[in-house]
Amino acid sequence: MTTTTASGPRRLARAAVMLLVAGAALVAGAATASAHPTLLFTDPSPDTAVADAPPTITLVFNEAVTFGGHAVSLSRDDGRMVTLGAPAPDQGGRILAVRVEEPLDAGTYLARWQVTGSDGDLVDGEFRFAVGAPISGAAVSSGSAAVSWTDAALRWLLFAGLTVALGGAVGDRLTGSARAENPALPPVRSWVGFGALAGLAGVVGLGGLLVLSAETATALWQGRVGQLLLVEAAGLALAAGLTRTRLRRWATIPLVLVTVAEGLRSHANVAAPGWGAVLTGVHLLAVTVWAGALVQVARAAVSWRHRRPAVRWVFAGYLRLAVWVFGIVIASGSLSAVVLVPIPTLLTSTYGRVLVVKLALVTVVTGLAIAARLAVRRVERADRVRVLVRVEASALIAVLAVSAVLVSTPPAGSLQPTPPPARGLVVPVSALAGQIGVSASASDGQLVVRMSTPLRGDYYEAKPPQDYSLSGEVAAAAGSGPIEFSGCGEGCFAAPAEWHNGANVVTLRAGADGWQGGTVSLLVPWPPQAGATDLARAVEKMRTVDRVAIYETVTSDTTTTSPVPQRLDVAGAWFVAQEPYASGVAPIATRTSVEGQPVRLAISFPAEMTTAVLTLDEEGRISEETLTDDTHLIRRRFVYAG
């Protein structure tokens, strides 16, 4: 087991004390709390959600039981029965497991069971659980803001192809005007179609990365990122097709549409919705025209090198255009930088340093452009103009490469220092995804997820920076869809969410560099009710309990086999004194059950990343508890005498 954060050692200390008490109670021969068998735990747990369809339904009792061939049944929320295998005993009859013989789709299920205790009495019951929807959204990263080099390479291919296509179309008009004045000039072959196909290859690669990340092809049409990639692919394919027809001049329209899609996908649009997309789209359009037209003009200069008047003609036309394009590039780039990069992070963040490199390259290109403009005025310097233009074109290609790296790097300015404030009542839910703690807060119109990992080494030392990734899906009776997360700090993610009345299943895929991650599902009941009064009453009721048998399991890695429940017999007052809600008060206390069902409370201590879900019996005592902190998942079942 790994060393934990500050709240982790407290949990371990409490668990150790409880196990010592349990051992002493067992040695002393403590009497069983009930003569009838009691269902301690189930897998899946009651009133929870699982990410994947469970291969078996498992029931754990506090004593050996006997059962028939139909001890467990499973039905869908529409009443249809699910085919199950024959029940099989384990641990001397204390564990009953049945295999699920058919796939379970996303939805809610009801499991019913019936067994016979050692006293001959028949005991039965039922519980519900939900299966989450497949993840279809791309993962969002937060934390160390590392560069995605594969993404950057594919982005460069997209930008380079778009530059050759869109800027080349503008360059074709410049060279065409020269040939209109002098038809004897040899034609310069257009590269618009070739550039569009190269850009399409980059988009296809980015789409492949999205599908691999989401592990489903539906990410291409269900998520916003995938939809924008499909728009870009359609625009580039249409442009390539138009170049083969008499409508080749119209190829610029779908190419401009690609720049619009890139603006909507950009970091700037996340930081400043609307204006950010406009700034990025205009900036990309100006850069591609500047560089692409220059490439076409340079090719014409090489082809017409022995006809200096034609070279001067086409260069003069390009330089008139470049003056305006250059102004747009500088203005839009500067405004985007102000939006995305706080001045203090300009040299300390990865995004800021890459931006500085880009600014330096743009400065070099500016100097080359000015030198070429001065040289083109003198006929005897035509050869020098061609050299300057070739160098300028190469520098602009480097600018495109740096731009590709820039858009593949999370900007420091887009990571909010704190998550957005909750709106109304909060439903806290949490889980352990492998070794990664996942704590979520659902409130009106939004979902905030915080993630954490154990601390290696001495927990008194500062925790090193950690890079996290998260993607998700939400499913309810009204349908399902991907969750569009954005970063709100290291290990913090926020997303808009529309909650429907009833059970909302949130499925999350969590990852962290160097740790075992996983996929988990969380059940968000809606609408919530205030639960502070219920919590205070439950604590007071527990303090009056003389003796209770508590069966407990503790794990720090959900990818391993669940541990065998340990029993301890204690006084109710002693138990609640060890809990974070011992005072009967919690920062967040919400009632999530509906009328007619046992009272369920979701309570949270955000400062310690600790969440507990309590189920109360008819007398107001705690009957079940699931407690999750940043590194542990603890499940408890309470059995009272009589």
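We number each residue from 1, following the sequence as shown.
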(request) Quick one: do Thr610 and Asp629 satisfy side chain to side chain contact (heavy atoms under 4.5 Å, CB included)? Show the steps, please. (result) CA-CA 4 Å; Thr610 299; Asp629 63 17; 3.7 Å; yes
Mind checking the [atom1]-[atom2] spacing from [X] to [Y]? Nearest 0.5 Å is all I need.
| X | Y | atom1 | atom2 | value |
| --- | --- | --- | --- | --- |
| Ile603 | Thr590 | CD1 | OG1 | 10.0 Å |
| Leu470 | Arg450 | CG | CZ | 13.0 Å |
| Arg567 | Leu40 | CZ | CG | 9.5 Å |
| Thr592 | Leu601 | OG1 | CG | 7.0 Å |
| Met451 | Trp515 | CE | CH2 | 13.0 Å |
| Asn62 | Arg637 | CG | CZ | 9.0 Å |

Heavy-atom check, side chain of [X] versus side chain of [Y], under 4.5 Å:
| X | Y | value |
| --- | --- | --- |
| Ser471 | Leu508 | no |
| Tyr640 | Thr38 | no |
| Val449 | Val506 | no |
| Val100 | Leu84 | yes |
| Leu633 | Thr626 | yes |
| Arg591 | Val599 | yes |
| Val131 | Ser521 | no |
| Glu579 | Leu627 | yes |

(message) Regarding Ser45 and Arg635, do their side chains bring together a donor and an acceptor under 3.5 Å, going by distance alone?
(response) yes
Nearest heavy atoms of [X] and [Y], plus distance in Å:
| X | Y | value |
| --- | --- | --- |
| Leu432 | Val520 | O-CG1, 3.7 Å |
| Leu96 | Pro87 | CD2-CB, 4.1 Å |
| Ala433 | Val438 | CB-CG2, 4.0 Å |
| Pro89 | Gly93 | CB-CA, 4.3 Å |
| Ala530 | Leu425 | N-CD1, 3.7 Å |
| Thr611 | Ser430 | CB-OG, 3.2 Å |

(request) Output, in order, the C-alpha distance, side-chain angles, deciding distance and verdict of side chain to side chain contact (heavy atoms under 4.5 Å, CB included) for Leu447 and Phe493. (result) CA-CA 8 Å; Leu447 175 69; Phe493 300 85; over 6 Å; no
(request) Would you please test Ile57 and Phe127 for side chain to side chain contact (heavy atoms under 4.5 Å, CB included) and show each step? (result) CA-CA 11 Å; Ile57 306 296; Phe127 63 93; 4.1 Å; yes
(request) Assess the pair Phe638 and Phe575: is the distance between their ring centroids shorter than 6.0 Å? (result) yes
(message) Tell me which pairs pass salt bridge (Lys or Arg N to Asp or Glu O under 4.0 Å) where either residue lies in residues 72-82, with sequence neighbours left out.
(response) Arg76-Glu102, Asp78-Arg80
(request) Take atom CD of Glu101 as the centre, draw a 6.0 Å sphere, and report whether it contains more than 12 heavy atoms from other residues, nucleotides or ligands. (result) yes
(message) For Phe61, run the ring pair (Phe, Tyr, Trp, His ring centres under 6.0 Å) check against Phe67, Tyr551, Trp113 and tell me which one passes.
(response) Trp113
(request) Give a yes or no answer on whether the side chain of Trp499 reaches the backbone of Asp444 with a donor-acceptor pair at less than 3.5 Å. (result) no
(request) Evaluate the side chain to side chain contact (heavy atoms under 4.5 Å, CB included) criterion for residues Phe129 and Asp43: first the C-alpha distance (whole Å), next the side-chain angles of each, then the deciding distance (0.1 Å), finally the verdict. (result) CA-CA 9 Å; Phe129 67 89; Asp43 187 12; over 6 Å; no
(request) Using salt bridge (Lys or Arg N to Asp or Glu O under 4.0 Å) as the criterion, list what pairs up with Glu625, not counting sequence neighbours. (result) Arg636
For residues 612-619, dump all side-chain donor-acceptor pairs below 3.5 Å to protein atoms at least two apart in sequence or in another chain.
residue	atom	partner	partner atom	Å
Thr615	OG1	Arg600	NH1	3.0
Asp617	OD1	Glu619	N	3.0
Asp617	OD1	Gly620	N	3.1
Asp617	OD1	Arg621	N	2.8
Asp617	OD2	Arg621	NE	2.9
Asp617	OD2	Arg621	NH2	3.1

(request) Using a strict 4.0 Å threshold on nitrogen-to-oxygen distance, state whether Glu540 and Arg537 make a salt bridge. (result) no
